[in-house]
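Convention: sequence-line order gives letters A, B, ...; per-chain numbering from 1. Keep in mind the model is a prediction, meaning the values are calculated, not measured.
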Amino acid sequence: MSASDADVGAVVTGIGVTAPTGIGIHAHWQSVLDGKTGIGRITRFDPESYPVRYAGQVPGFAARERVPGRLIPQTDHWTHLALAAADDALGDAGVDPAGLPEYEMAVVTSSSSGGTEFGQHEMERLYRNGPSWVGAYQSIAWFYAATTGQVSIRHGMRGPCGVICAEQAGGLDALGQARRLARSGYRLVVSGGTDASLCPYGLSAQLATGRLSTVDDPTRAYLPFDAGASGYLPGEGGAILIVENGRHARERGAGEGYGSILGYAAGFDPPPGSERPPALRRTVTAALADARLAPGDVDVVFADAAGSPDLDAAESAAITAVFGQRGVPVTAPKTLTGRLYGGGAPLDVATALLAVRDGVVPPTVGVTRPDPDLDLVLGEPRELPLRRALVLARGHGGFTAAMVVGTSRRR
Amino acid sequence: MTSFTLDDLRELLGSIAGVDEFTDLSGDIADVPLADLGYDSLAMLELAGHVQRRYGVSIPDEAVERMTTPRGTVDYINAQFATVG
């Protein structure tokens, strides 16, 4: 890619993290490198009577310390996590939105569950007491666009705003839309996303897929690409990223930031029973073509890592088809957080950019009998020069997305 | 007869619609537009719901349009108290 291409590209200049691995980039990255898990017994409600009792939860998050008091009773926990991460991301980018034209800033986030915890509380009031007991804020707190809307209002960002709901793939789709906006001239886009659906109603909805692990051991329940894979554990949180127009970022001295969004593609699986193959392989190929890169230009793959034997085999087959057997290092730091749905892929992109920055691939944790076709990075971080990472994400129901991030410089 | 005071309103607004560092409800706010204090129509709907449940009076949704200042809100709520005796 030439310098002029980088100028019109989309760069990530700020990252905010509220995840089971910690609050803030530094805590998150340290946990990831140390293999420190954020998965434990669910504490947001008593999970004793549920078949899934472990999840990734954000440690030490206090809305009172991180969210404007006015917004706390008006918004769900999932939005609280995003508002805090958005503040951190803007601070990290060194951007003061108050000094920028409001119509040149946009907000595009992903959400898979909306405000289920808030919604459950209001539904309990409806069924126990009656309609007049349902709070007025239910109307704005639980729908998918609430986070985007609150970030937009709080920071005075009136450019194109939206929310993408594509389960775990939605985070890449949101960043893909952010890149599209940045390249078309919008100055900056607050993007990424969070999810937080660890309440009885939310967990029950997740159980319906049959994809969650019921293994009663938090260290053995979520083992993607392992012979003992049994499903996944859910988690809460995610990451908010500041995506800027490359020229604007360079002009204000932010350079390429953490790196560029070099390529992106989305696909959708054929219906169950179809003889056509899953969308992942062609989505990866399309993302590489969009980035004008060859498979050999990718230094590491952050896997979707669904944790079910059939989905893991399909992902392994797609990676192997594009990169060859053990042809590229593969990792899944989400083994420390569980799958975060709308927040999962943004956190993976953030982690991938930090990996490129520091030249180290964080490990997949807990896996002891890995798929022999994959060069899965296990146990310890692996230091190697990294320029580009491929992030994969699949959402329940067929959503598929792939994104290439890293430096736009060839060498 | 029950009466509803400005302090009752302050307490309710703070607990149901939140306060932040930019809001000072302690001063002479009786005639300050609620919108300027940061409370929109949704906040007033929420307030109306709490008043109805706490005091057993009826406040139609349209009444919220008349609750534009703390004084007007307190007066309206007291008038509703009077109708139920």
Side-chain angles (χ1 to χ4, degrees), chain A residues 62-84 86-87 91 96-98 114-115 117-119 121-143 145-156 158, chain B residues 2 4 8-27 29 32-70 72-73 76-77 80-81 83-84:
Chain A
R64 278 183 193 292
E65 295 166 9
R66 295 304 320 268
V67 180
R70 183 65 61 83
L71 291 179
I72 292 174
Q74 305 188 12
T75 50
D76 181 81
H77 180 52
W78 136 78
T79 300
H80 297 168
L81 294 173
L83 284 165
D87 279 0
D96 177 12
E117 191 176 77
F118 194 108
H121 180 251
E122 298 305 315
M123 279 194 287
E124 285 169 0
R125 292 163 67 88
L126 171 67
Y127 294 127
R128 283 180 185 158
N129 305 108
S132 69
W133 287 73
V134 177
Y137 293 122
Q138 167 75 346
S139 62
I140 61 164
W142 87 328
F143 80 132
T147 290
T148 285
Q150 295 292 356
V151 170
S152 160
I153 293 166
R154 174 158 165 71
H155 297 293
R158 307 183 74 177
Chain B
T2 322
F4 189 81
D8 292 329
L9 181 68
R10 287 189 174 102
E11 180 255 313
L12 264 182
L13 282 176
S15 67
I16 64 176
V19 289
D20 56 34
E21 62 270 34
F22 305 112
T23 315
D24 181 10
L25 297 178
S26 62
I29 59 165
V32 180
L34 282 158
D36 291 355
L37 294 168
Y39 297 102
D40 57 13
S41 58
L42 207 51
M44 299 315 290
L45 276 175
E46 180 75 2
L47 176 90
H50 277 259
V51 169
Q52 291 182 85
R53 294 193 291 273
R54 185 185 285 189
Y55 300 102
V57 295
S58 169
I59 302 179
D61 287 354
E62 307 80 69
V64 165
E65 293 165 24
R66 284 183 270 159
M67 299 181 179
T68 54
T69 64
T73 304
Y76 179 83
I77 292 170
Q80 294 308 104
F81 286 167
T83 63
V84 295

### Task
Measure distances from B:Ala48 to the heavy atoms of chain A and classify the residue's part below 4.5 Å as side chain, backbone, both or neither.
neither

### Under 4.5 Å from any heavy atom of chain A - which part of B:Leu47
neither

### Task
Output yes when B:Arg54 and B:Glu11 qualify as a salt bridge under the 4.0 Å nitrogen-oxygen rule, no when they do not.
yes

### Message
Does any part of the side chain of A:Arg154, heavy atoms only, come nearer than 4.5 Å to the side chain of A:Pro68, both counted from C-beta?
### Response
yes

### Task
Measure distances from A:Ile140 to the heavy atoms of chain B and classify the residue's part below 4.5 Å as side chain, backbone, both or neither.
side chain

### Message
Counting heavy-atom pairs under 4.5 Å with chain A, which one of B:Ala17, B:Gly49, B:Ala43 comes out on top?
### Response
B:Ala17

### Task
Measure the spacing between CE of B:Met67 and CD1 of B:Ile77 and express it to the nearest 0.5 Å.
5.0 Å

### Message
Please report the interatomic distance OH(A:Tyr137) to CD1(B:Ile16), rounded to the nearest 0.5 Å.
### Response
6.5 Å

